[in-house]
Amino acid sequence: MKKVHIKSFGCQMNVYDGQRMADILGEQGFEETPTPEGADLILLNTCHIRDRAVQKVYTELGKLRDIKTAQKAQGQDTRIVVAGCVAQAEGAEIQRRQPAVDLVVGPQAYHRLPELLEQAQRRRTVDTDLPIDDKFGHLPAPKPAAIRARGISAFVTVQEGCDKFCAFCVVPYTRGAEFSRPVAQIMAEIERLAASGVQDVTLIGQNVNAYHGEGSDGRAWGLARLMHRVAEVQGIHRIRYSTSHPNDMDDDLIAAHRDLPQVMPFLHLPVQAGSDRILLAMNRKHTADQYRRLIERVRQARPDIALSSDFIVGFPGESDADFEETIALVDEIGFASSYSFKYSPRPGTPAADLREQVPAALMDERLQRLQARIEHHRQAFNHAMVGRTVEVLLERAGRHPRQLAGKTPYLQAVQIETETNQIGDRVQVVIERAGSNSLFGRKAGEPDTPSQNPAMLDPAARDPANKDLAA
Ligand code: 5AD
Ligand code: SF4
């Protein structure tokens, strides 16, 4: 069998696309290999969201060229493919900067991989069409063995592209206009995943709550209606969705958090900034107060919901006062977790032309302050779990023998010691301690004896600095 090494950068959608490309190449007689060395085909599935992500790709390509040259000397041909959003944005420029690349294929063209690879044997090939044709309809279904190897949690792309045009963001240009997969196609995929042991699905899309795919009645269904259908699938116990825009959180979707037990109490809802002036400049089309009111409504539907957001610091023109409003919003909402980034100008986006760039040192300082607040709230959220009993879905072996690791409904990692359970079990767990990155617990109903396993004593949990965060 020929070997393919696939490396995905960036978001969850790239992870999903990487798996689908593995499925396509599997049909062509390729098996996946965890390292680039020895591979016949090396595929970089790239991210264009920030400049650093792009630089990483070129650095990585330099290393791959060396592997290709070394393997050539041993008589092995190696082909290098660049896929994903950098492929889309840079196109032929990639092969100009790194001639070792054989094929550049954009995110809407990868279902054509077999023919493109064939063509690339004769000449360097670029396919960055953004057609409205249905890529998903052309992808082979994953094989049961591949599904099982990927575990009991799966991403399913239900929507792709974005029509929002936030001033800083390349997504509308690299992934194209919003496209929603038809309900029947998504359901077939989820039924197939469930039949091979998947219990936990995250419906993904760049703007997933704008989902409006064709339903069984020929009409456009919203995300809430789709989730009602997914919740009917035997074996699917947990449903999440990501990433959402505040303006697309409709009443039905909020109600689904109250009405569907399978919909997890977790919501990633990026706000980006806390200042209305900056939100306006970002073209987010909502104010900070509208976001606060929305969160209130979500919390009314599901009071214990874990909230998460993305933030950008140093957007052009961001003043100290603007930044303080972001900090105030973070403290007010108390996010369970969040991602935060320094603003990175992206060629072709409206914000790239704005002149009032924030100096790099100030951006660093703001990012550090913001991350410290985010971390404070994350720790507080985790420590508040201590003493509570929660359902944990066991997903993998733990760090030590007899430990299994899983997730709470709030997407927190948990380690438990167990002789009797296995991966895939859902167990009631009493949370005993919160470490810096993991919770530790015992199965409910088991005696409350301290663990004899020294590995269970997470040093961070004993750190006196964490005391003020204890519930
Ligand atoms: N600079 C910094 N962060 C960005 N993001 C998107 N574009 C940029 C950019 N140009 C962040 C946003 C988005 C997340 C996926 O990446 O916070 O929600
Ligand atoms: Fe980018 Fe999200 Fe804004 Fe769409 S909604 S432009 S994906 S940040």
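Read the numbers this way: they start at 1 and go in the same order the structure lists the ligands and their atoms.
Here Phe266 and His257 keep their ring centres 6.0 angstrom or further from each other.
Within the sub-2.8 Å shell of atom 1 (Fe) of ligand 2, the protein contributes these N/O/S atoms: Cys169 SG.
At a 4.0 Å heavy-atom cut-off, ligand 1 touches Phe341 through the side chain alone.
Both tests hold for Arg97 against Tyr58: distance to the six-membered ring centre under 6.0 Å, angle to the ring axis within 45°.
For ligand 1, the atoms sitting less than 4.0 Å from at least one non-hydrogen atom of Lys342 are 1 (N), 2 (C), numbered in the order shown with element in parentheses. Against a heavy-atom cut-off of under 4.0 Å, His245 is close to the following atoms of ligand 2: 5 (S). Shown in contact with Arg50 at under 4.0 Å from a heavy atom are these atoms of ligand 1, numbered in order with element: 1 (N), 2 (C), 3 (N), 4 (C), 5 (N), 11 (C), 16 (O). Per-residue contacts place Arg346 under 4.0 angstrom from the following atoms of ligand 1 (heavy atoms of the residue considered): 10 (N). The distance from ligand 1 to the heavy atoms of Gln272 drops below 4.0 Å at these ligand atoms: 12 (C), 13 (C), 17 (O), 18 (O).
The shortest separation from a heavy atom of Arg175 to ligand 2 is not under 4.0 Å, leaving the residue out of contact.
Atom 1 (N) of ligand 1 has Ser344 N, 3.0 Å as its closest protein atom, hydrogens excluded (heavy atom only). In terms of protein heavy-atom proximity, atom 15 (C) of ligand 1 is closest to Asp310 OD2, 3.7 Å. Here the protein heavy atom with the shortest distance to atom 6 (C) of ligand 1 is Ile49 CG1, 3.4 Å. In terms of protein heavy-atom proximity, atom 7 (N) of ligand 1 is nearest to Phe168 CD1, 3.3 Å.
In this structure a side-chain-to-backbone donor-acceptor pair under 3.5 Å is missing from Asn207 to Cys162.
By the ring pair (Phe, Tyr, Trp, His ring centres under 6.0 Å) test, Phe165 pairs with Tyr173, sequence neighbours left out. In this view, Phe335 and Phe311 satisfy the ring pair (Phe, Tyr, Trp, His ring centres under 6.0 Å) rule, not counting sequence neighbours.
A distance of 7.5 Å separates CD of Gln412 from CD1 of Ile431, quoted to the nearest 0.5 Å. For the atom pair Glu318 CD and Ser275 OG, the distance stands at 7.5 Å (nearest 0.5 Å). We find the CZ-CG distance between Phe315 and Leu354 to be 5.5 Å, quoted to the nearest 0.5 Å.
In plain terms, the two heavy atoms of Ile204 and Val208 that are nearest each other are C-CG2, 3.8 Å.
Residue pairs that meet the salt bridge (charged side-chain N to carboxylate O under 4.0 Å, His left out) test with at least one member in residues 281-290, sequence neighbours left out, are Asp289-Arg292.
The aromatic rings of Phe136 and Tyr16 lie tilted to each other, with the angle between the two planes from 30° to 60°.
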